[in-house]
Amino acid sequence: MSGPAEVSAGRDSAGARFVHEGILRRQSARESAARTYARALPIVPVRARGLTIEGADGRRYLDCLSGAGTLALGHNHPVVLEAIRKVLDSGAPLNVLDLATPVKDAFITELLQTLPPGLADRARVQFCGPGGTDAVEAAFKLVRAATGHTGMLAFTGAHHGMTDIALEASGLACDMRVMRLPYPQDYRCPFGVGGARGAELAAGWTESVLDGPESGFSPPAGMILEPVQGEGGVIPAPDDWMRRMREITAARSIPLIADEVQTGVGRTGAFWAVDHSGVTPDVMVLSKAIGGSLPLAVVVYRDDLDIGEPGTHTGTFRGNQLAMAAGTATLAHVRENGLAERAATLGSRMLTQLRELAREFSVIGDVRGRGLMIGVEFVDPEGGSEPVEGGAGAFGSGPVDVGAGASWSLGPAEGVGRHAAGPGLAPGPRPPAPELAAAVQRECLRRGLIVELGGRHASVVRLLPPLTITDEQAAAVLDRLADAVKAVAQRHARGDQTHQQRHRTSRHGARAERAG
Ligand code: PLP
């Protein structure tokens, strides 16, 4: 097992620490309070290669954050650097708005090769501002223009970005134009049953919202979903549910938008996460890894939706040639080297090992993921099983026929949980423990491992290693994580004993006082 001492790159001098601390001090004095990763990860990266980052203090870290999933090939992969250098050396313009260039032409050709055939054959590619959220905005405008409708269907726990409409779809801002529907999940199933039955109930709910005259929701412009929710806590949608969403939307002429900003380019063990279910969406929103570590975002959609006016959604930075070249190299490398398959194999092995860890430590409530998109949910081991969050009230109210012979009568105050689901069911999940997840993140960092936190309660430790991670590196990642979990679990148990001791002492004191 590796300890803090082993992660030094050998330049851990007083001078290096002085530089490191000075930069961090100036950052907190000068940068916005809106900064996020920088708070939990007080590191100052100066060099990076593959899975490894070296900090200004000379310490080395294994990076399982990967630029929030942008680094399919890890940091500074040779094929990416070579592609960038080639553009630089060629004298090509670096930013060309949306003009045609050989670099962009090559990017589109490579991208189309990877897309689900039903979409690739009739695809239009729209370049947007370089963030994923801008592509989400563009996709919404596209389907609104194409259908003449405004409402959007989205799912609880979703994350589609930080602009206003994307926030609405993520459930973080309230707007009547977005209807949130239950996303299927096993551990905190909104219907309290999980598995195939929970997914079936979630699909039935969606159907009844669309068809029920009492829902008060006029025909929507589109449905947006993540095939695996990332920021929502690494929740993979079952393939059957994905196919049901495709059937439901197709039958009602509702464009289906797959947000593959985080799941794309091999991350989940298929080139695109929709490939697992064989679903062909009408629209795909792509960003992060498609730019090979540089900013790039596109919307890909079927040609019959291409009825928008020129200028409906523009942006200055749609022509980043370095990002397109880095992206082409990344897409080709993942495709040619079978890195999606590698992610599937290694990811399932890592999940198995993490599930063994979960059996050992009761602070881990759930381990889940797909490919190299992995989440470990931390819970309060002493907490009782929870009523399931976001039950009925999160989606709407009124009697709803959820299909398959079941009927739920729900009001906003009347949540549906495992407890409500009937006899013979497993007890519900224990309460999320964001403080334990944050402690594990800190302990990981001490051991030279960078992980992200996510989930609706920030109680999920997330691993997004590059697809190029070796078996040995994966073993080192799991070793460090296991060490960190052990340290946090032991401290938690000690704290709990102390708490119980204090509780016993105060009860004893109270009894003695009463007796006196
Ligand atoms: N969609 C998904 C699924 C995401 O995970 C994210 C970001 O994490 C976004 C959209 C927004 O992308 P960006 O942060 O680049 O705007």
Side-chain angles (χ1 to χ4, degrees), residues 2-28 30-31 35-89 94 130 265 288-289 291-296 320 322-323 325-327 329-330 333-334 339 372 441-452 462-481 484:
S2 50
E6 289 167 68
V7 296
S8 169
R11 276 189 289 278
D12 193 11
S13 65
R17 274 203 306 279
F18 182 74
V19 171
H20 161 92
E21 280 160 18
I23 291 174
L24 288 180
R25 212 175 25 254
R26 286 192 292 282
Q27 178 182 43
S28 68
R30 301 194 295 206
E31 287 187 33
R35 65 194 190 283
T36 55
Y37 297 106
R39 292 176 189 277
L41 301 169
I43 55 175
V44 181
V46 288
R47 258 176 296 277
R49 187 79 175 204
L51 178 69
T52 307
I53 285 183
E54 191 183 317
D57 56 357
R59 294 189 73 212
R60 283 206 185 115
Y61 301 87
L62 302 182
D63 180 13
C64 282
L65 173 57
S66 296
T70 54
L71 304 169
L73 304 183
H75 293 275
N76 292 326
H77 192 282
V79 300
V80 171
L81 295 185
E82 191 193 324
I84 292 173
R85 281 198 193 102
K86 215 165 131 195
V87 176
L88 289 175
D89 293 345
L94 296 183
V265 195
K288 292 199 194 267
S293 75
L294 298 179
L296 186 64
N320 185 336
L322 294 182
T330 301
H333 192 81
V334 170
L339 292 188
L372 287 173
Q441 187 189 40
R442 280 193 299 276
E443 288 297 328
C444 283
L445 195 67
R446 282 192 59 226
R447 288 162 175 76
L449 173 64
I450 300 173
V451 296
E452 189 177 4
R462 302 183 57 209
L463 300 176
L464 290 166
L467 315 184
T468 48
I469 184 174
T470 64
D471 288 350
E472 295 71 31
Q473 288 173 326
V477 164
L478 293 183
D479 266 1
R480 289 178 195 191
L481 179 58

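Source: prediction; values computed, not measured. The chain is numbered in sequence order, starting from 1.
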Which donor-acceptor pairs under 3.5 Å do the side chains of residues 71-78 make with protein atoms, sequence neighbours left out?
residue, atom, partner, partner atom, Å
His75, NE2, Asp63, OD2, 2.6
Asn76, ND2, Ala48, O, 2.9
His77, ND1, Val79, N, 3.1

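- Between Val477 and Cys64, some side-chain heavy-atom pair lies under the 4.5 Å cut-off.
- When the salt bridge (charged side-chain N to carboxylate O under 4.0 Å, His left out) test is applied to Asp471, the partners found at least two apart in sequence or on another chain are Arg342, Arg349.
- Side-chain atoms of Arg60 do not come within 3.5 Å of backbone N or O of Thr52 as any donor-acceptor pair.
- Considering only heavy atoms from C-beta on, Leu463 stays 4.5 Å or farther from Leu372 through its side chain.
- With hydrogens and angles disregarded, no donor-acceptor distance shorter than 3.5 Å links the side chain of Ser66 to the backbone of Gly69.
- In plain terms, the two heavy atoms of Tyr61 and Gly55 that are nearest each other are CE1-N, 4.3 Å.
- Counting heavy atoms from C-beta on, the side chains of Cys444 and Leu481 come closer than 4.5 Å.
- The shortest heavy-atom contact between Pro295 and Pro130 is CB-CB, 3.4 Å.
- Closest of all the heavy-atom pairs between Val80 and Ala326 is CG1-CB, 3.8 Å.
- Distance CZ/Arg49 to CG/Leu81: 6.0 Å, rounded to 0.5 Å.
- Note that CD1 of Ile450 and CG of Leu41 are 6.0 Å apart. Values are rounded to the nearest 0.5 Å.
- For Glu443, the salt bridge (charged side-chain N to carboxylate O under 4.0 Å, His left out) test picks out Arg446, Arg447, Arg491, with sequence neighbours left out.
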With side chain to side chain contact (heavy atoms under 4.5 Å, CB included) as the test, would you mind laying out the steps for Leu62 and Gln473 before giving the verdict? CA-CA 8 Å; Leu62 302 182; Gln473 288 173 326; 5.6 Å; no
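- We find the CD1-CG distance between Ile469 and Leu464 to be 11.0 Å, quoted to the nearest 0.5 Å.
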So Asp57 and Glu21, side chain to side chain contact (heavy atoms under 4.5 Å, CB included) or not? Walk me through it. CA-CA 8 Å; Asp57 56 357; Glu21 280 160 18; over 6 Å; no
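- Under the 4.5 Å side-chain criterion, counting only non-hydrogen atoms from C-beta, Leu445 is in contact with Pro42.
- For the atom pair CD (Glu82) and CG (Asp89), the distance works out to 10.5 Å, reported to the nearest 0.5 Å.
- Remark: Glu31 engages Gln27, Arg35 in a side-chain contact (heavy atoms from CB on, under 4.5 Å) (not counting sequence neighbours).
- With sequence neighbours left out, His20 forms a side-chain hydrogen bond (donor to acceptor under 3.5 Å, both in side chains) with no residue at all.
- With sequence neighbours left out, the side-chain contact (heavy atoms from CB on, under 4.5 Å) criterion links Val87 to Ala92, Leu94, Val103, Gln321, Leu322, Ala325.
- Residues Ala40 and Gln441 approach most closely at CB-OE1, 3.2 Å, considering heavy atoms.
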